[in-house]
Enquirer: 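Below: one structure in structure tokens.
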Amino acid sequence: MSSYEKSPLMGQMMGKPMLISSLIEHADRYFGKNEIVSRRVEGDIHRYNYSECHKRSKQLANAFAKLGVKLGDRIATLAWNGYRHLEAYYAVSGSGAVLHTINPRLHPEQIAYIANHAEDQYLLFDMTFLPIVQAIVAHCPGIKGYIMMCDQDKLPTDGKIPNLMAYEDLIEANSDDFAWPVFDENSASSLCYTSGTTGNPKGALYSHRSTILHSYGSSLPDGLNVSARDSVLPVVPMFHVNAWGLPYSAPLNGAKLVFPGPHLDGKSLYELFEQEKVTFSAGVPTVWLGLLTYVAQNNLKFSTFKRTVIGGSACPPAMMKTLRHTYGVEVVHAWGMTEMSPLGTAGTLMAKHADLAEEEKQAILQKQGHVLYGVDMKIVDDAGQELPWDGKTYGNLLVKGPWIINSYYKNEGGDVLEDGWFPTGDVATIDTDGYMQITDRSKDVVKSGGEWIGTIDLENVAVSHPAILQAACIGVFHPKWDERPLLLAVKKPGAEVSREELLQFFDGKVAKWWLPDDVVFIESLPLGATGKILKNKLREQFKEYKLPTA
Ligand code: AMP
């Protein structure tokens, strides 16, 4: 937030603040009958609509008021994608409190650290996460009470969790007569901690204004493009950057919402896609891997699924091609960060590309895409000098815009902006048409003889080999070049390929000096809490690895 010069002639428009509560009010009033379907932790399917969701959100808001929750208080959730979590999204932020979504895949020690750092007052959790709550309860003295998202009869009776309440009791005991408070749109609305592969996680504290602007911006046709004709299944969790804003943009547009709960395996997802006529979805590449394997093994097709956004890490071109050509699903490759609410760019074609050959179209779609209006970006060298947009020169990617943080929560890490721009930590090229392509995380780049080798390109080539399921490339010590690329690859079940064959497969696909110096086949790759490959773990594991060329 900054203060700007005031014109002597101000516009004469209503100063209605942009508040998150207005999204659910809008969905209730104009799309009230549109459905929200959830596969519950309990195992069954729950079905209701936006009007009922609004009603229960207001009942929950009344419950929070009775518990003494005030503007700015942090309320945490440990929950899957589901209708109760959605109600909490609106009841908490709508009341003026701050929704702190915690990633349950983090280690309990980290969860306790985050809850204490955020000074959470209450914690809502799905039954599945009872063991996590039991593990952290003694370490979180600031949490005044715990709300298990279930009926009374499911509550544990051992008394180990102080002030434990059943969510459905709170709903039942409270009326839906509640007027959403009106306050400054710059008030904090929600809090997400970055996955932080090194050091303690840091919080991105969003505001009502930034969330509404992001909901508008991400809904644009070249962004998520969700409409009242869509049935939207967010695979991306509501505990990871608010499921890329879909719990806000779906009600804004009146789209049907379909929540998979904890059932993210290929079979469960496929069944839900078909039963609920899902047209649009969003998730990280690793979840599509499971779904596509299931669909291929069982010789299935999607009957309504038309479009998906893939991001969070680079979408391998081979996966994009399979979705586009084998299943007729349009893939929008998107890029963003927790610090960016998260959407920054999305890749779609322009009118002038209509007559391009398929391979040329694919080459554009593989990039992370164009900024959405609201985000501005540039690439700079290490001295901060802006670099040209020629599609070849790569540099540090910086961004700015109203849904990008200006500092971390509690000013952790101090001043993070460089001249008003947020340094993303990503390395990218931008072409003459403004399409951005990430070549690497700056920490993951292989620095060979002073030149940089982007590992994403090498991994994309590896996974386009028919025998390779997943791949990660890391830099390992080399006495002459400082670092050279080592490829770690996971074979598809039953598939065979030798080290030499895989290396030969790179011929002509990348510059000769980019070729990995060696390949090691491993059983699986370590994944972090948001489904990304943990390269720091791999670097640690292969620290002493001796390359054959060394
Ligand atoms: P997070 O804050 O956990 O969402 O992580 C953000 C980081 O994920 C970005 O800075 C990128 O390094 C990476 N990322 C997100 N989307 C993509 C993408 N489409 N391609 C490559 N990297 C991505």
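Atoms within a ligand are numbered from 1 in the order they appear, just like the ligands themselves. Bear in mind the structure is a predicted one, so any value in this text is a computation, not a measurement.
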Enquirer: Judging by distance only, is a nitrogen or oxygen of Val241 under 3.5 angstrom from one on ligand 1?
Expert: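 So ligand 1 has no N or O lying under 3.5 Å from an N or O of Val241.
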Enquirer: Please confirm whether Gly312 comes within less than 3.5 Å of ligand 1 when only nitrogen or oxygen atoms on both sides are compared.
Expert: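 Checking ligand 1 against Gly312, an N or O pair does fall under 3.5 Å apart.
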Enquirer: Show which atoms of ligand 1 fall inside a sub-4.0 Å distance from at least one heavy-atom site of His333.
Expert: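 With His333 as reference, the close atoms of ligand 1 come out as 18 (C), 19 (N), 20 (N).
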Enquirer: So, do Tyr193 and His100 have ring centers that fall under 6.0 Å from each other?
Expert: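 That pair passes the under 6.0 Å test.
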Enquirer: Can you name the atoms of ligand 1, numbered from 1 with element, that are less than 4.0 Å from a heavy atom of His240?
Expert: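 Checking each atom against His240, I get 1 (P), 3 (O), 4 (O).
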Enquirer: Examine ligand 1 and decide if any of its atoms is less than 4.0 Å from a heavy atom belonging to Met340.
Expert: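 Distance cut 4.0 Å: Met340 fails for ligand 1.
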Enquirer: Honestly, is Lys491 close enough over Phe521, meaning NZ or CZ under 6.0 Å from the six-membered ring centre and within 45° of the axis?
Expert: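 Here Lys491 passes the 6.0 Å and 45° test against Phe521.
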Enquirer: Strictly distance-based, threshold 3.5 Å: is any side-chain N or O of Thr77 a donor or acceptor partner for the main-chain N or O of Ala79?
Expert: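 Judged by distance alone, no pair lies under 3.5 Å.
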Enquirer: Are Trp80 and Phe259 close enough that their ring centres sit under 6.0 Å apart?
Expert: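 No, the ring of Trp80 stays outside the 6.0 Å limit from the ring of Phe259, centre to centre.
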Enquirer: Any heavy atom of Pro342 sitting closer than 4.0 Å to ligand 1?
Expert: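 Flag not set, Pro342 not near ligand 1.
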Enquirer: When you check the gap from the basic side-chain N to the acidic O, do Glu119 and Lys410 get nearer than 4.0 Å?
Expert: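 Salt bridge present between Glu119 and Lys410.
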Enquirer: Do His117 and Glu412 pair up side chain to side chain, a donor and an acceptor below 3.5 Å, judged on atom types alone?
Expert: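 Short answer, yes.
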Enquirer: Indicate yes or no for a side-chain donor-acceptor contact from Asn242 to the backbone of Gly245 under 3.5 Å, with no hydrogens or angles considered.
Expert: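 Checked: no pair found.
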Enquirer: May I ask you to identify, for Arg441, whether its side chain, its backbone, both or neither come under 4.0 Å of ligand 1 on a heavy-atom basis?
Expert: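 The answer is the side chain.
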Enquirer: Looking only at distances, can you tell me whether any N or O atom of Thr530, backbone or side chain, sits closer than 3.5 Å to an N or O atom of ligand 1?
Expert: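 In this structure, Thr530 places no N or O atom under 3.5 Å from an N or O of ligand 1.
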Enquirer: Would Gly311 count as being in polar contact with ligand 1, using the rule that some N or O on each side must be under 3.5 angstrom apart?
Expert: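 No; the residue has no nitrogen or oxygen that sits under 3.5 Å from a nitrogen or oxygen of the ligand.
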Enquirer: Please confirm whether Phe280 and Phe305 have ring centers closer than 6.0 angstrom.
Expert: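 No: the rings miss the under 6.0 Å criterion.
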Enquirer: Can you tell which of Pro201, Ala314, Ala334 gets a heavy atom nearest to atom 21 (C) of ligand 1?
Expert: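 It is Ala314 whose heavy atom sits nearest to atom 21 (C) of ligand 1.
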Enquirer: Run the numbers for me: atoms of ligand 1, each under 4.0 Å from some heavy atom of Thr338, listed by number.
Expert: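 Those atoms are 1 (P), 2 (O), 3 (O), 4 (O).
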Enquirer: Taking the non-hydrogen atoms of Thr194, is any one of them nearer than 4.0 angstrom to ligand 1?
Expert: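 Checking ligand 1 against Thr194, which is what was asked, there is no heavy-atom contact under 4.0 Å.
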